[in-house]
Structures are given as structure tokens and as C-alpha cells.
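All values reported here derive from a predicted model rather than from experimental measurement.
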Amino acid sequence: QVQLVESGGGLVQAGDSLRLSCAASGRSFTAYTMGWFRQTPGKEREFVAVINWSGVGSHYAGYVKGRFTISRDNVKNTLYLQMNSLTPEDTAVYYCAGTTKNFPIYSHMYYATDEYDYWGQGTQVTVSS
């Protein structure tokens, strides 16, 4: 199994940028397709982005496409989420997750939390207006 620890969250103003990191330890990092999700109180956890094991393929939810970039460093065993042009609507707890599933990278199966095997504890991102 793999252990995931997110970091990089914080309080920023609208229009600012932030980069989240997710450090992985345990089983080989490249065995996992990795995703980012976010959750606000009273709402279900929602998909943000996913990246395949090599980092070549990625896919984004429409509400972050063009503003967020998912990437990974398989030497450092770390997943990243670069978030630009942040808005108050991006305020949430952000989670990284790993799955051994191998759907096509654009598959909406990756939108489902049930498809992921491992989760981090989350990091809070707050965007003020």
C-alpha cells in the first residue's frame, strides 16, 4: 500500500496562485494513477484532476481546466497541483488519492471516489475575495 501526505494549503486572495504537494511513501509510486479531489462542508467530494503513472496523460474537471495543472515527479514520489487564478469558489479541503485502476485517462470513472484505493488526510485551501 501507499501512504499519502498533502501539504501546501493556506489562505490566499482571489487571483493568487498556490501549489499543493502530495508526498507518497510505501509501494512504488509509479504503480498508481493519481488524482486530486476537493470537498467543502456539506458537499460530496468532487473530482479536480487525474494523471497517469508516467505523467504524460492528464484530465481536468471543467471548473478548473485552464487554471490548474496536475503533475508528478516519480523520482521524488510526489504529486503536485499548481492552482492559478484562484477564486473563492475554489475554497475547500484538497485531497490526493491513488488508484491502481487503468481506465483511459479521460474516463469519467476517475471522477468517482470509490475507484481510488488510498487517500491523504487533506489540506485546507481558503481563497478570500
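- With values rounded to the nearest 0.5 angstrom, Cys22 atom SG is found 9.5 Å from Arg72 atom CZ.
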In sequence, state the C-alpha distance, the side-chain angles, and the governing distance for Thr33 and Ile51, and then conclude on side-chain contact (heavy atoms from CB on, under 4.5 Å).
CA-CA 6 Å; Thr33 295; Ile51 190 167; over 6 Å; no

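- Closest approach of Ile70 and Ser58 over heavy atoms only: CG2-CB, 3.7 Å.
- Shown here is Phe103, whose CZ atom has more than 12 heavy atoms of other residues, nucleotides or ligands within 6.0 Å.
- Put simply, the side chain of Asn52 gets close to the backbone of Val56: a donor and an acceptor are under 3.5 Å apart.
- Not one N or O on the side chain of Asp117 forms a donor-acceptor pair closer than 3.5 Å with the backbone of Thr99.
- Two rings, from Tyr111 and His59, have their centers less than 6.0 Å apart.
- A 4.5 Å side-chain heavy-atom check between Tyr32 and Thr100 finds at least one atom pair inside the cut-off.
- Here the side chains of Val125 and Thr91 are not in contact, with every heavy-atom distance at 4.5 Å or above.
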Return all side-chain donor-acceptor pairs below 3.5 angstrom for residues 34-43, not counting sequence neighbours, or 'none' if the list is empty.
from, atom 1, to, atom 2, distance (Å)
Trp36, NE1, Tyr80, O, 3.1
Arg38, NE, Glu46, OE2, 2.6
Arg38, NH1, Asp90, OD1, 2.9
Arg38, NH1, Tyr94, OH, 3.0
Arg38, NH2, Glu46, OE2, 3.2
Gln39, OE1, Arg45, NE, 3.1
Gln39, OE1, Arg45, NH2, 3.2
Gln39, NE2, Lys43, O, 3.1

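- The shortest non-hydrogen separation linking Asn84 to Ser17 is OD1-OG, 2.9 Å.
- A 4.5 Å side-chain heavy-atom check between Phe29 and Lys76 finds every atom pair outside the cut-off.
- Nearest heavy atoms, Pro88 versus Ser128: CG-C, 4.4 Å.
- Considering only heavy atoms from C-beta on, Met83 comes within 4.5 Å of Leu20 through its side chain.
- Contact annotation: the side chain of Trp119 never approaches that of Leu4 to less than 4.5 Å [non-hydrogen atoms, C-beta and beyond].
- A side-chain N or O of Thr126 and one of Gln124 form a donor-acceptor pair less than 3.5 Å apart.
- Using a 4.5 Å heavy-atom threshold, the side chains of Ile105 and Val50 count as touching.
- Between Val127 and Asp16 there is no side-chain heavy-atom pair separated by less than 4.5 Å.
- With no hydrogens or angles considered, no side-chain donor-acceptor pair links Thr30 and Asn74 at under 3.5 Å.
- In the hydrophobic clustering of this structure, Trp53 does not group with Leu81; members are Ile, Leu, Val, Met, Phe, Trp, Tyr whose side-chain heavy atoms approach within less than 4.5 Å, directly or through other members.
- The shortest distance between side-chain heavy atoms of Gln121 and Glu6 falls below 4.5 Å.
- Note that the CZ atom of Arg19 and the CD atom of Gln82 stand 7.0 Å from one another [nearest 0.5 Å].
- Under the 4.5 Å side-chain contact rule for hydrophobic residues, Tyr95 and Leu79 do not share a cluster.
- Between the Tyr110 side chain and the Phe47 main chain, no donor and acceptor come within less than 3.5 Å of each other.
- Aromatic ring centres of Tyr60 and Phe68: separated by at least 6.0 Å.
- For Leu86 against Arg67, the heavy-atom pair with the smallest separation is CA-NH1, 4.0 Å.
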